[in-house]
Amino acid sequence: MQWETVIGLEIHAQLATQSKIFSGSATTFGAEPNTQASLVDLGMPGTLPVLNAEAVRMACKFGLAIDAEIAPKNVFARKNYFYPDLPKGYQTSQMDHPIVGKGHLDITLEDGSTRRIGITRAHLEEDAGKSLHEDFHGMSGIDLNRAGTPLLEIVSEPDIRSAKEAVAYVKAIHALVRYLGICDGNMAEGSLRCDCNVSVRPKGQAEFGTRAEIKNVNSFRFIEKAINHEVQRQIELIEDGGKVVQETRLYDPNKDETRSMRSKEEANDYRYFPCPDLLPVVIEQSFLDEVRASLPELPVQKRERFEREFGLSAYDASVLAASRELADYFEQVQQACGDAKLAANWVMGELSSLLNKEGLEIEQSPVSAEQLGGMILRIKDDTISGKIAKMVFEAMAAGEGSADQIIEKKGLKQVTDSGAIEAMLDEVLAANAEQVEQYRASDEAKRGKMFGFFVGQAMKASKGKANPGQVNQLLKKKLEG
């Protein structure tokens, strides 16, 4: 039987506010346990929450960026459940009246095609604390630093049809929240976490199958692996005569499998009701206009501009626009050298390779955009060849100075004096007289292969400094002669 996968994702983005959603406690990552939890976060009797206006502004920013409806009036509710790291006994969230309604996001797939994924809603809520099991023999420790941290939960429609599409969607959300400056997107620190709702159905069937939810997956690679494993598990279960049950599962990356955690709760299990401590939030048009005016150029707009303004391919433009920092770096290189295609090639090639190898982000690049642009100028004016440029780039990455300083210090300037190149070629041909005879006696097909040998010998003799274009031109003339 042919099966179709149906996926819906819930992404929790931690908002980059200075303080928590209902208290003045700090949200800095990595503080000593329980040093950033106030009486409000601890759920002490008599304390009252006060809504963080910046969290509301950030949620509206996201809503406008995905072309969604923003609710003029939204309400906070209490979601009741008991867990040791939830001291109040309920989580303050939004249920029937979320701040952001229906919107959409276009994703680019590996083959360059685009798909529109619907977004059902995005609502504000507080995070819970954290249970720690490692350091307490037979017991658990509770760290409430994270309790009350503002989250925006972004819920997609079940429009995603494969693990690869799911990753493309999460990457698009990740890029968008970072562009907007509302979340740092650090998945290792839990700033962006994903719950994957996965089901399968026979191809052509209209109704959905029973779904399982995989909780808290925190890397693009694990999202793909967890979904692929879960799809396989469900198909095998059904084909063996079993039934998929609605439940919450965990993905174990060490064993590359999902395992059952608990049966899936329904909304009525949480006994949602409007929070009596918080007034409804009324959003006025003037506030929305102000937020709209502050929106930056978004990834899709930037990608389209790179194609239009710089003549880049759709692929190059989408890679460079995927992160705001990478896009800014590329534009600075382009401004310094005036050649968008060369700038794109170097940023996506040598620079990205260096950053991957060293495990660095673009902001930590040992080669500044100005330095890279300066080096590309030296390629363009024939001071150095592309091959020598790689040596110069490595020296810049090692902190040896600017391209000009390195070229001067190491004597890497390209030889463009045709007289000097001709003299060097005469020596090369004289040293390889036998091959010259063979070349002249050969047909066109063989000559093509042999020509590469002579070019290699010439570049070796010049220590890579001879202008490759001139070498090719003069060599052809001499060999034909």
K.L.:
Is Gln18 atom CD crowded by more than 12 heavy atoms from other residues, nucleotides or ligands, each under 6.0 Å away?
P.N.:
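No, because the 6.0 Å sphere around CD of Gln18 holds 12 heavy atoms or fewer from other groups.
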K.L.:
Is there a donor-acceptor pair under 3.5 Å between the side chain of Arg233 and the backbone N or O of Arg259?
P.N.:
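Such a contact is absent between Arg233 side chain and Arg259 backbone.
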K.L.:
What heavy-atom pair brings Ala212 and Gln234 nearest, and what distance separates the two atoms?
P.N.:
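Answer, listing the atom of Ala212 first, then Gln234: CB-NE2, 3.8 Å.
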K.L.:
Search all heavy atoms of Ile160 against all heavy atoms of Ala166 and return the closest pair with its distance.
P.N.:
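Nearest pair, atom of Ile160 first, then Ala166: CG2-N, 3.4 Å.
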K.L.:
Verify side chain to side chain contact (heavy atoms under 4.5 Å, CB included) between Ile119 and Val155, making sure each step is shown before the conclusion.
P.N.:
CA-CA 6 Å; Ile119 292 175; Val155 183; over 6 Å; no
K.L.:
Using the ring pair (Phe, Tyr, Trp, His ring centres under 6.0 Å) rule, collect all pairs that involve residues 329-353, keeping only residues at least two apart or in two chains.
P.N.:
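Non-adjacent pairs meeting ring pair (Phe, Tyr, Trp, His ring centres under 6.0 Å): Phe306-Phe330, Phe310-Phe330, Trp346-Phe393.
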K.L.:
Under 3.5 Å, side chain of Asn145 to main-chain N/O of Gln36, donor-acceptor pair present?
P.N.:
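Between the backbone of Gln36 and the side chain of Asn145 there is a qualifying donor-acceptor contact (under 3.5 Å).
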K.L.:
Considering only residues two or more places apart or on different chains, which pairs with a residue in residues 8-37 satisfy ring pair (Phe, Tyr, Trp, His ring centres under 6.0 Å)?
P.N.:
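Passing the test, one end in residues 8-37: Phe22-Phe76.
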K.L.:
Pairs in or reaching into residues 330-342: which pass side chain to side chain donor-acceptor pair (under 3.5 Å), with residues at least two apart or in two chains?
P.N.:
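Pairs touching residues 330-342 that pass the test: Arg305-Glu331, Asp316-Lys341.
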K.L.:
So do the side chains of Lys410 and Met391 get within less than 4.5 Å of each other, counting heavy atoms only?
P.N.:
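No, too far: nothing below the 4.5 Å cut-off.
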K.L.:
Decide yes or no for Val333 and Leu372: does some side-chain heavy atom of the first lie under 4.5 Å from some side-chain heavy atom of the second?
P.N.:
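Yes; the side chains approach each other to less than 4.5 Å.
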K.L.:
Measure across Ala77 and Tyr272 and return the closest heavy-atom pair with its distance rounded to 0.1 Å.
P.N.:
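Ala77 and Tyr272 have their closest heavy atoms at CB-CD2, 4.1 Å.
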K.L.:
Not counting sequence neighbours, which residues clear salt bridge (charged side-chain N to carboxylate O under 4.0 Å, His left out) with Arg78? List them please.
P.N.:
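Salt bridge (charged side-chain N to carboxylate O under 4.0 Å, His left out) check on Arg78 returns Asp277.
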K.L.:
For His174, which residues count as a ring-ring contact (aromatic ring centres under 6.0 Å, His included) partner, sequence neighbours excluded?
P.N.:
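With sequence neighbours excluded, His174 shows a ring-ring contact (aromatic ring centres under 6.0 Å, His included) to Phe220, given in chain and number order.
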K.L.:
Are any of the side-chain nitrogens in Arg161 or Glu4 under 4.0 Å away from the carboxylate oxygens of its partner?
P.N.:
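Judged by the 4.0 Å cut-off on N to carboxylate O distance, Arg161 and Glu4 do form a salt bridge.
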K.L.:
Is any side-chain N of the basic residue among Lys79 and Glu125 closer than 4.0 Å to the acidic one's carboxylate O?
P.N.:
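So Lys79 does not pair with Glu125 through a salt bridge.
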K.L.:
Which atom pair, heavy atoms only, marks the closest approach of Ala343 to Cys337?
P.N.:
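Heavy atoms of Ala343 and Cys337 come nearest at CB-SG, 4.2 Å.
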K.L.:
Would you check if there is a donor-acceptor pair between the side chains of Ser353 and Asn356 at a distance under 3.5 Å?
P.N.:
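Side chains of Asn356 and Ser353: no pair found under 3.5 Å.
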K.L.:
Should Asp127 and Arg193 count as an ion pair when the cut-off is N to O under 4.0 Å?
P.N.:
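Yes.
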K.L.:
Tell me whether Lys380 at atom NZ has more than 12 heavy atoms from other residues, nucleotides or ligands lying less than 6.0 Å away.
P.N.:
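More than 12 within 6.0 Å, yes.
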K.L.:
Mind jotting down which residue pairs meet the side chain to side chain donor-acceptor pair (under 3.5 Å) criterion with at least one end in residues 280-289? Sequence neighbours excluded, please.
P.N.:
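Those involving residues 280-289 are Gln285-Asp289.
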K.L.:
Establish, from distance only, whether the side-chain atoms of Asp106 and Thr114 form a donor-acceptor pair under 3.5 Å.
P.N.:
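Absent: no donor and acceptor within the cut-off.
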K.L.:
For the pair Glu153 and His123, evaluate side chain to side chain donor-acceptor pair (under 3.5 Å) and give the outcome as yes or no after the intermediate values.
P.N.:
CA-CA 5 Å; Glu153 181 173 340; His123 61 262; 3.3 Å; yes
K.L.:
Applying ring pair (Phe, Tyr, Trp, His ring centres under 6.0 Å) as the test, list every pair that has at least one member in residues 352-373; sequence neighbours left out.
P.N.:
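Not a single pair qualifies under ring pair (Phe, Tyr, Trp, His ring centres under 6.0 Å).
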K.L.:
Would you call Lys102 and Glu69 a salt bridge, taking side-chain N to carboxylate O under 4.0 Å as the test?
P.N.:
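No, this pair does not count.
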K.L.:
Salt bridge or not for Arg249 and Glu247, using N-O below 4.0 Å?
P.N.:
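Result for this pair is yes, salt bridge flagged.
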K.L.:
Going by the rule salt bridge (charged side-chain N to carboxylate O under 4.0 Å, His left out), which residues pair with Lys88 if we only count those two or more places apart in sequence or in a different chain?
P.N.:
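Only Glu126 meet the salt bridge (charged side-chain N to carboxylate O under 4.0 Å, His left out) criterion with Lys88.
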K.L.:
Answer yes or no: is there a side-chain heavy-atom contact under 4.5 Å between Ser294 and Lys61?
P.N.:
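They are in contact (side-chain heavy atoms under 4.5 Å apart), so the answer is yes.
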K.L.:
Counting only heavy atoms from other residues, nucleotides and ligands, does the tally under 6.0 Å from CD of Glu32 exceed 12?
P.N.:
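At most 12 heavy atoms, drawn from other residues, nucleotides or ligands, come within 6.0 Å of this atom.
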K.L.:
Quick one: list whatever passes salt bridge (charged side-chain N to carboxylate O under 4.0 Å, His left out) with Glu350, sequence neighbours left out.
P.N.:
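Glu350 satisfies salt bridge (charged side-chain N to carboxylate O under 4.0 Å, His left out) with Lys390 only.
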K.L.:
Counting distance only, does the side-chain N/O of Arg115 pair as donor-acceptor with the main-chain N or O of Tyr169 below 3.5 Å?
P.N.:
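Between the backbone of Tyr169 and the side chain of Arg115 there is no qualifying donor-acceptor contact (under 3.5 Å).
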K.L.:
Could I get the full list of side chain to side chain donor-acceptor pair (under 3.5 Å) partners for Ser352, not counting sequence neighbours?
P.N.:
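Testing Ser352 for side chain to side chain donor-acceptor pair (under 3.5 Å), a comparison that skips the adjacent residues, returns none.
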K.L.:
Spell out, as yes or no, whether a donor-acceptor pair under 3.5 Å connects the side chain of Asn34 to the backbone of Leu144.
P.N.:
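Yes: the side chain of Asn34 pairs with the backbone of Leu144.
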K.L.:
Got a donor-acceptor contact below 3.5 angstrom from the Tyr179 side chain to the Ala321 backbone?
P.N.:
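Yes; judged by distance alone, with no hydrogens or angles, the pair exists.
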K.L.:
When you look at Asp404 and Ser402, which way does the side chain to side chain donor-acceptor pair (under 3.5 Å) test go after all the steps?
P.N.:
CA-CA 5 Å; Asp404 287 343; Ser402 69; 5.4 Å; no
K.L.:
So which heavy atom on Ala13 is nearest to which on Cys183, and how close?
P.N.:
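Between these two residues, the closest heavy atoms are CB-SG, 4.1 Å.
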K.L.:
Which residues satisfy the salt bridge (charged side-chain N to carboxylate O under 4.0 Å, His left out) test with Glu290, sequence neighbours excluded?
P.N.:
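Salt bridge (charged side-chain N to carboxylate O under 4.0 Å, His left out) check on Glu290 returns Arg57.
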K.L.:
With a sphere of 6.0 Å drawn around CD of Glu309, does it hold more than 12 non-hydrogen atoms of other residues, nucleotides or ligands?
P.N.:
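More than 12 heavy atoms, drawn from other residues, nucleotides or ligands, come within 6.0 Å of this atom.
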K.L.:
Under the ring-ring contact (aromatic ring centres under 6.0 Å, His included) rule, collect the residues that match up with Tyr81, sequence neighbours excluded.
P.N.:
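Partners of Tyr81 by the ring-ring contact (aromatic ring centres under 6.0 Å, His included) criterion, ordered by chain and then number, come out as Tyr270.
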K.L.:
Do the side chains of Cys196 and Val217 get nearer than 4.5 Å, heavy atoms only?
P.N.:
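Val217 reaches Cys196 side chain to side chain.
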K.L.:
So, for Ser131 and Ile142, which heavy atoms are closest and what is the spacing to 0.1 Å?
P.N.:
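Shortest heavy-atom contact: OG-CD1, 3.6 Å.
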K.L.:
Taking CD in Glu297 as the centre, count heavy atoms belonging to other residues, nucleotides or ligands within less than 6.0 Å. Is the count above 12?
P.N.:
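More than 12 heavy atoms, drawn from other residues, nucleotides or ligands, come within 6.0 Å of this atom.
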